[in-house]
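Values below: all heavy atoms of this structure, side chains included; hydrogens, waters and symmetry mates excluded. Below, chains carry the letters A, B, ... as their sequence lines are ordered, and counting in each starts from 1.
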2 protein chains.
Amino acid sequence: MKQATDLVKSRDAKTAVRDPEGVRRDILTVAMEEFSQNGLSGARIDEIAARTKTSKRMIYYYFGDKEGLYQRVLEEAYGKVRGGEHDLELDRLDPVAALEKLCRFTFDHHRANPAFIRMVMVENIHHGRHMQMSKTIRDLNQPAIEELENVLRRGQAAGIFRQGITPLELHWQISALSFFNVSNSATFSLIFGGDLFTDEGQQRLSGHVAEMVLRYVLRPDHLGSLPTERA
Amino acid sequence: MKQATDLVKSRDAKTAVRDPEGVRRDILTVAMEEFSQNGLSGARIDEIAARTKTSKRMIYYYFGDKEGLYQRVLEEAYGKVRGGEHDLELDRLDPVAALEKLCRFTFDHHRANPAFIRMVMVENIHHGRHMQMSKTIRDLNQPAIEELENVLRRGQAAGIFRQGITPLELHWQISALSFFNVSNSATFSLIFGGDLFTDEGQQRLSGHVAEMVLRYVLRPDHLGSLPTERA
DNA sequence: CCTCCAATTAACTAATTAGTACATAACGCT
DNA sequence: AGCGTTATGTACTAATTAGTTAATTGGAGG
């Protein structure tokens, strides 16, 4: 009794007798692993329950049903990879350096978060029908575009970037290259060999993605400002 | 009796009493639809059976089990989108035109085959573990690289393409842009709006993908040969 | 210290679903 | 025509799996 009271008083203690928020997080963490590994239909509630410190009943208590859990996991996945772009402080760099940094960051960030990538793959298989409501997710991604827009505008104002490049399309291109790199590594490397997916290969790719984007954006007379000099 | 014999004699007749190959194809077609729509675990054998002209029993008779069917469907998917590149007769075009044509073809081809794309997505969710055996699939994709290699070599020999571009990486880049366009259209358009995925948007994208690849490959002093003149 | 509510446990249910047993019909061949 | 083989229809089973019922415990507020 006394012990229990003590534990409650020290909220941060590891062994709280009851810890609703901890239980929720435990479930979400395990469920993300399971859903991203096996998809919505492939994931098993019993398996998730078994891997948590809590029980199956708790999953239903907190999340209602399998789809409810999946949906929260999806939001969680988007939430976890949000932002980051802003911490790059791109406005402190010249446009070329900023754009290169953004490309490499995006590439690396995708690579570092395969569970997120897989959740997005799964959700696309389901035609995004579990995302339709989540305004949250929309808001989370807007900053990425704005950050890119700033860099572009600065580069264009300085006369080193071409006109007519739209932030949304450019974001699409950078995302495509970064996403595919993770999402399709299994089939791609089985077909063409794994050279592109070694650490060296990935560093080369990362550089070439940035270079591709820069060559696309830079005015031909400013290609000299490429990091890979020999324009 | 007489009728049956007649039907057998005219193999192409629509109402063959027994038609093993037709049954196989019927199953494969329906199964591809089902697997690409719902994934491996999400697909239901009963549902597939219901949509075929035949019965569940036949599925097991011809394909053994669910995974066996899935695997054949996967091979089928790769088979159906194979080739094509060769029919472009790229060697009859100058390197710039050839590369542009290849990019646009790849982009359009992916777009025209969403079921294939979805099968590849599903297979990647499963870490490609159903492809490991299929040497067939590997062979099917080699020509794409070779075709690209030829174009690259010609462009480099003519002094209009940069050195140091590798066919495999370039293929990876073209694939990434073309694949992502289909695979992630659901989530992307939910987050950023559907402008990129209208017919007009897609035509613009297709052009910009080709342009991006060309700007990456062309030597700066030959950017003038871009289809989108105002270099 | 008692009471009410949120949190938790354990065992159970109902439906779905992959896979099968068994009988039978059509075909190819001689 | 007869026979072995390939193909097919019907009905069943065994296991899995999402979701529930009902009872219990801990703790915060009065």
Side-chain angles (χ1 to χ4, degrees), chain A residues 1-13 15-28 30-31 34-35 37-73 126 130, chain B residues 1-13 15-28 30-31 34-35 37-73 126 130:
Chain A
M1 290 288 163
K2 192 166 226 166
Q3 197 181 13
T5 316
D6 286 345
L7 285 163
V8 170
K9 274 175 184 166
S10 59
R11 279 237 162 271
D12 46 346
T15 359
V17 188
R18 283 192 176 189
D19 181 11
E21 201 44 44
V23 168
R24 275 181 78 97
R25 296 226 56 82
D26 184 19
I27 294 173
L28 280 176
V30 174
E34 183 77 5
F35 279 124
Q37 216 52 240
N38 305 106
L40 173 50
S41 340
R44 297 285 165 249
I45 293 285
D46 287 290
E47 182 64 22
I48 295 172
R51 294 196 192 175
T52 56
K53 292 196 272 296
T54 176
S55 71
K56 176 156 79 153
R57 183 66 185 79
M58 285 295 94
I59 296 175
Y60 287 97
Y61 184 68
Y62 284 119
F63 301 98
D65 60 6
K66 195 183 184 182
E67 290 223 342
L69 176 60
Y70 170 79
Q71 197 157 328
R72 287 303 312 272
V73 167
H126 293 281
H130 308 272
Chain B
M1 291 291 162
K2 192 168 226 165
Q3 198 180 9
T5 316
D6 286 346
L7 285 163
V8 169
K9 275 176 181 165
S10 59
R11 277 240 163 268
D12 48 346
T15 0
V17 189
R18 280 192 178 190
D19 181 11
E21 201 43 43
V23 168
R24 276 180 78 97
R25 296 226 56 81
D26 184 18
I27 294 173
L28 280 176
V30 175
E34 184 77 3
F35 279 124
Q37 216 53 240
N38 305 106
L40 173 51
S41 342
R44 297 285 164 250
I45 293 284
D46 286 291
E47 183 64 23
I48 295 172
R51 294 195 193 176
T52 56
K53 293 197 272 297
T54 175
S55 70
K56 177 155 79 154
R57 180 67 187 77
M58 285 296 95
I59 296 175
Y60 287 97
Y61 184 68
Y62 284 120
F63 301 98
D65 60 6
K66 196 183 183 183
E67 290 223 343
L69 176 59
Y70 170 80
Q71 197 157 327
R72 286 304 312 271
V73 166
H126 293 280
H130 309 272

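Rounded to an integer number of Å, the gap from A:D46 CG to D:dT17 P is 7 Å. Distance OH (B:Y60) to C1' (D:dC12): 14 Å, rounded to an integer number of Å. Following rounding to the nearest Å, B:K56 (NZ) and C:dT20 (C1') show an atom-to-atom distance of 9 Å.
If you check D:dT8, D:dT17, C:dT17 against the side chain of B:Y61, the one that comes closest is D:dT8. Checked against C:dG19, C:dT17, D:dA7, the side chain of B:K66 finds its nearest nucleotide in C:dG19. Side-chain atoms of B:M58 lie closest to D:dT8 of the nucleotides C:dA7, C:dA18, D:dT8. Here the side chain of A:R57 is nearest to one of C:dT9, C:dA7, D:dG9, namely C:dT9.
Atom-to-atom distance recorded for B:R44:CZ and A:S41:OG is 6.5 Å, nearest 0.5 angstrom. Note: A:L40 CG to A:L69 CG = 9.5 Å, rounded to the nearest 0.5 Å.
The residue A:A43 sits close only to the backbone: its heavy atoms come under 4.0 Å of sugar-phosphate atoms, none of a base. Note on B:Y62: only backbone sugar-phosphate atoms sit closer than 4.0 angstrom, heavy atoms only; bases stay farther off.
Taking side-chain N and O atoms only, B:S55 has no distance below 4.0 Å to OP1 or OP2 of D:dA11. Using a 4.0 Å cut-off, some side-chain N or O of A:R44 falls inside it from OP1 or OP2 of D:dT17.
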Check your understanding: Given the rule in the side-chain contact (heavy atoms from CB on, under 4.5 Å) test, do A:Q71 and A:F63 qualify, once you have shown the distances and angles that lead to the verdict?
Key -> CA-CA 9 Å; A:Q71 197 157 328; A:F63 301 98; over 6 Å; no
Point to revise | Worked check of side-chain contact (heavy atoms from CB on, under 4.5 Å) between A:R72 and A:H130 | key: CA-CA 10 Å; A:R72 287 303 312 272; A:H130 308 272; over 6 Å; no
